Peer 1: 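This is the structure, below, for whatever I ask next.
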Amino acid sequence: MNYLSTRNSKIKVTASEAILKGLSDDGGLFVPEKMPKLEKSLRDLSKMSYREVAYEVMSLFLTDYTKEELTSCIDAAYDEKFEVPDIAELHKADNAHFLELWHGKTIAFKDMALSILPHLLTTAARKNNIKDEIVILTATSGDTGKAALAGFADVPGTRIIVFYPKDGVSRVQELQMVTQKGKNTKVIAIKGNFDDAQNGVKEMFNDRELAAKLSAKGLRFSSANSINIGRLVPQIVYYVWAYVQLLAKGEVKEGEKINITVPTGNFGNILAAYYAKQIGLPVNKLICASNDNKVLYDFFKTGTYDRNREFILTTSPSMDILISSNLERLIYHSTGNDAEKCAELMKELKEEGKYSVTSDMRERMADFCGGFATQKEVSEVISKIYKNDNYVIDTHTAVGAWVAEKYREETGDNTATVIASTASPYKFSRAVVGAIEGKDLSREDDFILIEKLKKLSSLPIPSAIREIMNAKILHDTVCDKKAMKEQVEKTLGL
Ligand SMILES: *Cc1c(COP(=O)(O)O)cnc(C)c1O
């Protein structure tokens, strides 16, 4: 199976090439030429381990990897790095099934994909006879950065540079990044927001002159951002996994549809759920949950995507995004895979900051609906679920929980619901403890809050948190958002 650019149907690459490139040369994203279908029955899948399900799903998409190659990538990724043997676990609370995707090394769902991406990427380089060193260039709203750093640190043949918005991440997120070890790692804060960081990275990817300089030095860029299909494909796995776990537990009958609610930022995680539906998973609605930066909610409601609005810093920083890059893939599919039309809309987005889709396109997106939660609502739902179910969720997951409940109330749709639980509450303990105690804790010390959360939740403190408590700060570069390229040239000695 090949991959096509969302902006030019003549650009066609293999899966391993798509993983190496990240972004297509024309600025488009790679999409599968046609959707494969699950080959095993859901019942058969329900008897398999996470790794076996991962193989069944990923082999449908990464067809130029041999069985040995793919199996060894999967085995290297989904091992004891995860603190639970099932890799992703379901927890029943508040009328829903929370799919806990945060038992990996950096306690956010990004680990699910970023623990395998370095293996997929270095295998892809080998397969394509690439001798260049691969430079991973990444913009992060908080969680990708650390998960990518942890995945790529000291991986031979790679270097990694991460940009994050100086005042746009939580203290724990920042500490996790700036204490990162590894000779091949570099972390840079920018004076700007996540969209600035992401735009800066995108520009560097499209900069021919910079590419030539890299090439002369035996280097080439690749992306660990959620636009890379090497991240998207591993994310499809856990939706299939969740379904077959529900089946195994008798929570659903084989073939019975479920709803999936995803707290959304860059639209990667929910797009993976959409792809899971496309390959045959019985899914009814895909519920896209936004925080106060509700550009996606407005889009699904009106058909107009408009990023011209105030950027709001919230208690769910990993979702503080106004340009959801992966939406481009849904736009492409909803045009009936018309790259020209998709390119036109993306040009409008770049030039005017907005675009509108046709009613035909909206019909093709009817699987999706949107909702949003304000910061007050996020606090309310954290506190409610804690009191009723003695279960603590983080602020991002809480956006999902609020929206799932609102959806149920408003539509009367009582379909079994999976909510993607995207981070450990320990990653956002200030807002989480504040919500439970009903207090403003903005001045409280982070590590006191972590101890408090431990008492409240009876969840053990994850090793990811214990590690940063005494770690040395190893990265302290801060730059202007216009100086990102300069920083990259300096870091790489160009
Ligand atoms: C990245 C992230 C999200 C948003 O996921 P997208 O794939 O960007 O939509 C939600 N919650 C957490 C904790 C995250 O790290």
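Residues take their numbers from the sequence shown, with the count starting at 1. These figures come from a predicted structure and were not determined experimentally. Counting starts at 1 for both ligands and their atoms, in listed order.
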Peer 1: Are Lys354 and Tyr305 in a cation-pi contact, defined as NZ or CZ under 6.0 Å from the six-membered ring centre and within 45° of the axis?
Peer 2: no
Peer 1: Mind checking whether Tyr238 and Phe109 have parallel, tilted or perpendicular rings, split at 30° and 60°?
Peer 2: perpendicular
Peer 1: Only counting residues at least two apart or in another chain, list the ones meeting ring pair (Phe, Tyr, Trp, His ring centres under 6.0 Å) with Tyr164.
Peer 2: none
Peer 1: With sequence neighbours left out, what residues match Asp320 under salt bridge (charged side-chain N to carboxylate O under 4.0 Å, His left out)?
Peer 2: none
Peer 1: Between Tyr78 and Asp111, is any side-chain donor less than 3.5 angstrom from a side-chain acceptor?
Peer 2: no
Peer 1: With the criterion set at N/O pairs under 3.5 Å, what does the list of contacts between the protein and ligand 1 look like, atom names and distances included?
Peer 2:
unit_1	atom_1	unit_2	atom_2	d
ligand 1	7 (O)	Gly268	N	3.2
ligand 1	7 (O)	Asn269	N	2.8
ligand 1	8 (O)	Asn266	N	2.7
ligand 1	9 (O)	Gly265	N	2.8
ligand 1	9 (O)	Asn266	N	3.2
ligand 1	9 (O)	Phe267	N	3.1
ligand 1	11 (N)	Thr422	OG1	2.8
ligand 1	15 (O)	Lys110	NZ	2.6
ligand 1	15 (O)	Asp143	OD2	2.5

Peer 1: Please name all residues satisfying ring pair (Phe, Tyr, Trp, His ring centres under 6.0 Å) with Phe98, sequence neighbours left out, ordered by chain then number.
Peer 2: Tyr391
